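On a predicted model such as this, the values are computed, not experimentally measured, just so you know. Protein chains get the first letters and strands the later ones, always in sequence-line order, with residue 1 at the start of each.
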Amino acid sequence: MAKEITSRAQDYSQWYNDLVLKGGLADYSAVRGCMVIKPYGYTLWENMRDQLDRMFKETGHVNAYFPLFIPKSFLSKEAAHVEGFAKECAVVTHYRLKNDPNGGGVVVDPEAKLEEELIVRPTSETIIWNTYKDWIQSYRDLPLLINQWANVVRWEMRTRLFLRTSEFLWQEGHTAHATKQEAIDETIQMLNVYATFVEDYMAVPVIKGVKTESERFAGAEDTYCIEALMQDGKALQAGTSHFLGQNFAKAFDVKFLNKENQLEHVWATSWGVSTRLVGALVMAHSDDDGLVLPPRIAPLQVVIVPIFKGDEEKGMIENAVAPLMRELKDLGISVKFDNNDNARPGWKFAEYEMKGVPVRIAIGARDLKNNVVEIARRDTKEKSTVPMEGLAFYVKALLEEIQLHMYNRAKKYRDEHITSVNTWDDFKTVLAEKGGFISAHWDGTAETEEAIKDATKATIRCIPLNNEEDNGVCVFSGKPSKQRVLFAQAY
RNA sequence: CGGGAGGUAGUUCAGCCCGGUAGAAUACCUGGUUUGGGACCAGGGGGUCGCAGGUUCGAAUCCUGUCCUCCCGACCA
């Protein structure tokens with residue numbers, strides 16, 4: 001068949017591409033570095049987005065929308081910020097095309113040059129803080145808790161579907177607070193929201209931590225992150241939450257009058273997750289037969305495949321399936337009855353396995369006679385025969401069991417791939433032969449971090465939150481260290 | 001952005017070296033037989049050979065440029 005999937009062992013990168021393309025999540029586009037998210041992949045993103053949106057609203061946030069274009073001058077107002085993003089910005093310089101006088105289609109009209117060039121947002125801190133300046137006068141205006149769902153553009157040299165594309169979809173929360181502590185609390189709260197979402201809905205275990213200075217967001221005081229582990233032993237940053245201090249408030253002159261009638265700069269946070277989460281989901285759970293999607297966010301939770309000979313049997317099966325479909329839908333389960341006559345059952349089995357549908361129900365004449373169905377779960381590929389009686393409730397419970405099992409399996413793998421090492425030799429050996437996170441002492445300097453990166457391509461993914469104090473010596477420099485940090489090669 | 005590979009039917013690919021009417025498998029359409037792990041028979045439709053120039057009587061094939069993709073590297077989320 002056409003839809004063969006490269007195995008993970010043979011070529012992990014190609015396996016990932018195969019899953020995304022053949023699983024129907026996305027396609028390449030005519031534009032370099034930009035992808036088309038197909039309906040199945042977009043439904044997955046919608047399910048993720050909707051749940052996150054609920055969680056943001058439960059924690060008091062509201063949505064708004066800010067412009068795609070940012071005046072060039074805004075970007076340079078915060079020194080570290082411009083430093084971090086300048087090299088990957090798309091710039092709009094003209095506002096009109098005209099017919100080519102030489103007959104070559106349309107060309108940019110040189111007369112239509114913009115007075116001030118516009119940047120296509122790589123992130124929205126600058127335009128948002130320029131706006132917040134007008135919205136905030138008093139402590140009564142605080143906290144300001146706003147999120148936006150948007151697309152952003154970062155001009156990437158090397159792209160990969162979902163993991164790194166020039167344009168991607170994300171949400172960015174931008175909040176303003178009266179006190180430093182309140183802003184820090186917000187930063188941590190949103191980190192926890194992300195961790196809860198990724199673990200409970202995506203079934204991907206994460207480590208919460210804080211970034212070192214060199215991995216910090218451009219313009220932040222502290223960057224908190226959740227780090228996940230992929231099946232090839234590489235880490236993936238799944239979400240970040242930044243404590244911005246007063247950096248943007250000072251750059252954009254955002255001040256408020258406190259209760260004592262004194263002017264102060266506000267304290268800020270920003271936090272985001274992107275369509276990159278789809279890539280994380282794919283690489284965390286899937287196998288050589290295709291996608292494996294967690295029930296809570298799968299575009300389709302259950303598929304029913306009829307097996308019949310002739311119209312009479314087909315009709316009997318349809319009669320039996322109709323009430324089952326109703327019961328499943330009443331329980332909030334998404335279900336599809338695939339009675340397409342063109343494809344045979346075996347073809348359908350393979351197809352829905354490729355697409356990662358968590359539960360497949362097969363019903364044939366033999367089953368009708370015995371009042372049972374065959375249920376196959378995608379995560380373990382186990383098949384079992386289950387009575388029709390109470391089937392909807394059985395399926396509901398099974399979906400929850402699959403969700404839990406997927407998380408536990410991923411967590412077991414992750415936990416087995418956190419290795420404590422105390423020597424530089426062990427560090428290199430473990431990284432080369434086993435991969436995953438390496439827990440090691442670090443002397444706290446950017447120089448050592450850089451040297452380790454140059455030698456091994458591994459970076460410090462994070463300093464885990466609530467890290468134990470553990471006196472030792474740096475695995476690279478031998479200098480004293482108070483705690484272990486997590487290293488890994490990363491996406 | 002550097003190195004390597006590639007772009008021909010919806011898809012996977014052959015044809016290119018050595019220029020001469022664009023092929024296969026699969027998918028698709030019609031009819032029939034089928035249906036418990038990617039069915040079979042018969043008939044049928046479908047491609048400006050990525051795009052643009054050039055060489056030539058003639059270009060998928062040779063030359064130049066350009067766009068898109070993959071892998072590796074640098075950079076970065």
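- In this structure, A/E167 does not pair ionically with A/R154, as no charged nitrogen and carboxylate oxygen lie closer than 4.0 Å.
- For B/rC49 and B/rG19, the C1' atoms lie 14 Å apart once the distance is rounded to whole Å.
- Between A/F349 atom CZ and B/rA39 atom C1' there is a gap of 14 Å when expressed in whole angstrom units.
- Between the side chain of A/R344 and the base of B/rG36, no donor-acceptor pair of N or O atoms lies under 3.5 Å.
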Kindly give the atom pairs (protein nitrogen or oxygen, nucleotide nitrogen or oxygen) under 3.5 Å for nucleotides 40-42 of chain B.
none

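- Put simply, CG on A/L21 is 14 Å from C1' on B/rG10, counting in whole angstrom units.
- Applying the side chain to side chain contact (heavy atoms under 4.5 Å, CB included) criterion to A/A80, with sequence neighbours excluded, gives A/E78.
- Comparing B/rU56 with B/rU66, their P atoms are spaced 23 Å from each other, to the whole Å.
- Following rounding to the nearest Å, A/N340 (CG) and B/rU35 (P) show an atom-to-atom distance of 17 Å.
- Minimum atom distance to the side chain of A/R360 is reached by B/rG37, of the listed B/rG37, B/rG38, B/rG36.
- The base-pairing partner of B/rC57, taking Watson-Crick or G-U wobble contacts with both distances under 3.5 Å, is B/rG20.
- Among residues two or more places apart in sequence or in another chain, the salt bridge (Lys or Arg N to Asp or Glu O under 4.0 Å) test is passed with A/K72 by A/E117.
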Q: Between protein and nucleotides 70-77 of chain B, map the contacts as a letter string: B base, S sugar-phosphate only, - none, heavy atoms under 4.0 Å, written 5' to 3'.
A: SSBBB-BB
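- Rounded to whole angstrom, the span from the CH2 atom of A/W155 across to the C1' atom of B/rC1 amounts to 14 Å.
- The partner of B/rA14 cannot be assigned: no Watson-Crick or G-U wobble pair with both contacts below 3.5 Å exists in any strand.
- Using atom P as the reference point in both B/rG23 and B/rG37, the two lie 39 Å apart (nearest Å).
- Comparing the same atom, P, in B/rU8 and in B/rU61 gives a spacing of 14 Å after rounding to whole Å.
- Between A/W15 and A/Y12, the ring planes lie tilted relative to each other; the angle falls in the 30° to 60° range.
- Here, B/rA27 and B/rG65 have their P atoms 41 Å apart, quoted to the whole Å.
- For A/D288, the salt bridge (Lys or Arg N to Asp or Glu O under 4.0 Å) partners two or more places apart in sequence, or in a different chain, are A/R8.
- Residues that satisfy the side chain to side chain contact (heavy atoms under 4.5 Å, CB included) test with A/P205, not counting sequence neighbours, are A/E199, A/Y407, A/A410, A/K411, A/R414.
- Across all strands shown, B/rG38 has no partner, as no Watson-Crick or G-U wobble contact with both distances under 3.5 Å is found.
- Taking the C1' atoms as reference points, B/rC51 lies 10 Å from B/rC68, given to the whole Å.
- Put simply, CG on A/D311 and CD on A/E318 are 9.0 Å apart, with the number rounded to the nearest 0.5 Å.
- A salt bridge between A/K22 and A/E351 is absent, with no side-chain N of the basic residue lying under 4.0 Å from a carboxylate O of the acidic one.
- Annotation: B/rU30 and B/rG38 have their C1' atoms spaced 23 Å apart (nearest Å).
- Scored by the salt bridge (Lys or Arg N to Asp or Glu O under 4.0 Å) test, A/D50 finds no partners at all (sequence neighbours excluded).
- In this structure, the nucleotide among B/rC68, B/rG37, B/rU34 sitting nearest to the side chain of A/R32 is B/rC68.
- Between A/F197 and A/Y201, the two ring planes are parallel [angle under 30°; tilted spans 30° to 60°].
- Nucleotide B/rG43: paired with B/rC29 (Watson-Crick or G-U wobble, both distances less than 3.5 Å).
- Nucleic acid contact class of A/G239 (heavy atoms, under 4.0 Å, all strands): none.
- Shown here are the side chain to side chain contact (heavy atoms under 4.5 Å, CB included) partners of A/T212, two or more places apart in sequence or in another chain: A/S214, A/E215, A/W442, A/E449, A/I460, A/I463.
- Note: NZ (A/K355) to P (B/rG38) measures 20 Å, nearest angstrom.
- Looking at the side chain of A/D341, the nearest of the listed nucleotides B/rU35, B/rG38, B/rG36 is B/rU35.
- Both distances falling under 3.5 Å, in either a Watson-Crick or a G-U wobble arrangement, place B/rG65 opposite B/rC51.
- Take A/T240 and apply the side chain to side chain contact (heavy atoms under 4.5 Å, CB included) test, not counting sequence neighbours, and it matches A/T223, A/C225, A/Q237, A/H242.
- Computed from coordinates, the A/D18 CG to B/rU11 C1' distance equals 13 Å when rounded to whole Å.
- One interatomic measurement links the two molecules: CD of A/E313 to P of B/rG36, which rounds to 11 Å at whole-angstrom precision.
- In this structure, A/K38 places its NZ atom 11 Å from C1' of B/rG10, rounding to the nearest Å.
- For B/rG73, the paired nucleotide is B/rC1, the pair qualifying as Watson-Crick or G-U wobble because both relevant distances are below 3.5 Å.
- A/A365 comes within 4.0 angstrom of a nucleotide base, judged by non-hydrogen atoms across all strands.
- Taking atom P in both B/rC16 and B/rG54, the straight-line distance is 26 Å, to the nearest Å.
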